[in-house]
K.L.:
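Would you mind keeping the following structure in view while I ask a few things?
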Amino acid sequence: MDPVVLIVIGVIVVLAVLAIGIYNSLVQKRLRIDEAFAQIEVQLKRRHDLIPNLVNAVKGYMGFEQKVLTDVTNARAQAVAAGAQGPAQQAAAENALTSSLRSLFAVVENYPELKANQNVLELQEQLTTTENQISFSRQHYNATVLDYNTAIATVPNVLLAGPLGFTKREFFDAEPEAANVPNVDLSLT
Amino acid sequence: MAATSFYDQISANRRNSFLMAAFVVVLLGLLGFAIGFAVSGEPAGGVVTTGIALLVGSLAGIGTYFAGDSLVLSVSGAREVDESAAPQLLNVVREMAIAANVPMPKVYVIDDTAPNAFATGRDPQHASVAITTGLLEKLDREELQGVIAHELAHVRNLDIRFSLIVGVMVGAIAILADFFLRFTFWGGGRGRNRDSGGGGGAQAIVFIVAIALAILAPLISRFIQLAVNRQREYLADASGVELTRNPYGLERALAKIAGDAEVLEVANRGTQHMYFTNPIKKFEERSSGLMSTHPAIIDRINRLRQLTGEPALGASEAAQLAGLE
C-alpha cells in the first residue's frame with residue numbers, strides 16, 4: 001500500500017481518538033453540572049416545604065405585621081413557579097425569597113414569646129441550615145459551570161464543542177449583597 | 001495592606017509538609033543504617049537494618065492507618081451523636097461537608113467543659129469529627145461554623161492521614177534509638193570487642209556516629225513533626241475560611257477559646273497535636289516555641305487578619321474581641 005495512504009489513515013485514527021477523548025471529558029463535565037444542580041434543587045425544595053410551617057407557627061402571634069407574612073408566602077410561590085425557568089430566573093426568585101425571610105426573622109426578634117417558642121426556634125434553625133446549604137451548593141455548582149464553560153471555550157475543545165452541541169451554561173447567581181464583604185459587628189458584648 | 005491569597009498559603013504549606021515527611025523517613029532509614037553498620041562492622045549489615053527499620057515503620061503505619069481513629073476516639077471518651085441529640089451541630093457539619101465537597105463525617109461529642117475539637121480518620125470517606133460539649137455551649141452558630149470548617153479542612157487536605165503516619169514514623173525512630181542505646185550500654189560493646197580483630201578504630205568511629213544519631217534523631221524528628229503540625233494548623237485555618245467565606249466566625253472562636261483557661265482532661269501527649277487548639281497548656285503558656293504542637297492563638301488570629309487585610313492585634317485586643325475584658 002502507498003505510504004501516503006498509510007500516513008493519512010494514521011492521522012485520521014489519531015484525530016478520531018483525540019476527538020473521542022475530548023467528547024467524553026466534556027460529557028463528564030456537563031454531568032457534574034447536572035449533579036451539582038440536583039443538589040441545589042433538593043435544598044430549595046426543602047426550603048419551600050419548611051416555609052408554610054414557619055408561617056403557620058408565627059401567624060397567631062404577629063397581629064400587626066401580616067404584610068411580612070404575605071410577602072414571604074408570595075415570594076415562595078414565585079420561587080416555586082420559577083423552578084422551571086432556568087438557573088438565572090430561579091436564582092433571582094430564590095434571592096427574593098431569602099430577603100423576605102430575613103425580614104421575617106428580623107420581625108420575629110421583636111416578639112419575646114416567639115423567640116422562646118421551641119417550635120419556631122427549630123424551624124428557624126432548619127431554615128438557616130437549608131439556606132447555608134443552598135449557598136454552599138451554589139458555590140460548588142458555579143465552580144463546575146465555570147470549569148465546563150472554560151473547557152468548551154478553549155482550544156482544542158472549542159473546535160468540537162459547537163458542532164457537538166455543547167453550549168454555555170448559566171451560573172446560579174449569588175445575591176448582590178452577598179457578593180460584598182460581609183459587614184459583621186465585632187464589638188460583641 | 002495587601003492580602004495574602006489562600007491558594008498561596010495552601011500550596012506553600014503542602015510543599016513544606018511533604019519535604020518534612022520525606023526527611024523523617026530518610027532519618028529513620030539513616031538511623032537504621034548507622035546502627036546496623038556499627039553493630040555488624042560492615043556496610044552490608046547497615047543495609048539489612050535499614051530495611052528492617054523501614055519495614056517495621058511501615059507495618060506500624062498500616063496498623064494505625066486502619067485502627068488509629070477508633071483508638072483515638074475511645075481514648076478521648078467521645079460518643080457518637082445523631083440528629084435528635086445535637087441538631088444544630090449536625091446541621092453545621094452537613095453545611096461544611098457540602099462546602100468542602102467531602103462526604104458527611106461521623107460526629108462525636110466529648111463531655112468536657114473545655115472548648116475544643118478534633119478530626120480523625122484515614123481519608124474523607126472514613127472521617128470523624130469530635131467536639132467537646134464546652135465548645136457547643138460557648139460558641140455561637142457562626143463561630144461553631146468556623147471551627148467545623150477548620151476541622152473539615154483537615155479532612156479535605158488529608159492532614160488527618162498525614163499526622164497519623166508521621167506520628168508513627170516519629171515513634172519508630174524513638175523506639176529504634178532507645179533500643180540501640182540500651183543495647184550499647186548493657187553489653188553490646190563487650191561482644192563487639194571480642195569479635196573484631198582488626199579495623200577496631202574505624203568501627204569505633206562508626207559506633208560513635210551511631211550513638212550521636214540515636215541521641216539526635218528522635219529530637220530532630222519530633223521537632224519536624226511539631227513544625228509540620230503548626231504549619232498544618234495555619235493551613236486549616238486558611239482553608240476553613242476559604243470554605244465559609246467568612247473569617248470573622250473563626251477569628252472570634254479562636255479569641256474565645258484563647259481566653260478560656262480550662263484544660264481538657266481527656267487529652268494527653270499522644271493526642272494533643274490533633275486538637276483545634278492545644279488542649280493541655282493554659283493561655284499564657286500557649287507560646288509558639290519549638291516544642292509546641294500548635295501556633296500561638298494570637299498568631300493564628302493575625303494570619304486570618306492578614307487574609308482580610310486588617311491590622312494585626314495584640315493579646316489584650318484579642319481578648320477584647322472575644323468580649324472577655
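Naming convention: chains lettered A, B, ... in sequence-line order (proteins, then strands); numbering from 1 in each chain. Values in this document were obtained by computation on a predicted structure and should not be read as measured data. The basis for the numbers below is simple: all heavy atoms, side chains too, and nothing from hydrogens, waters or symmetry mates.
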K.L.:
Does any backbone or side-chain atom of B:Asn101 lie under 4.5 Å from a heavy atom of chain A? Answer side chain, backbone, both or neither.
P.N.:
side chain
K.L.:
So which of A:Glu125, A:Glu122, A:His140 has the biggest tally of heavy-atom pairs under 4.5 Å with chain B?
P.N.:
A:Glu125
K.L.:
Taking C-beta and beyond as the side chain, do A:Gln43 and B:Ile98 meet within less than 4.5 Å on heavy atoms?
P.N.:
yes
K.L.:
Indicate the atoms forming the closest heavy-atom contact of A:Phe136 with B:Glu95, along with that distance.
P.N.:
CD1-O, 3.5 Å
K.L.:
Look up atom CZ in B:Arg94 and atom CG in A:Asn132, then write down how far apart they are to the nearest 0.5 Å.
P.N.:
12.5 Å
K.L.:
Under 4.5 Å from any heavy atom of chain B, what part of A:Gln139 do you find: side chain, backbone, both or neither?
P.N.:
side chain
K.L.:
Which value, rounded to the nearest 0.5 Å, describes the distance between A:Gln126 atom CD and B:Asn91 atom CG?
P.N.:
5.0 Å
K.L.:
Is it the case that over 12 heavy atoms from other parts of the model lie below 6.0 angstrom from the CZ atom of A:Phe171?
P.N.:
yes
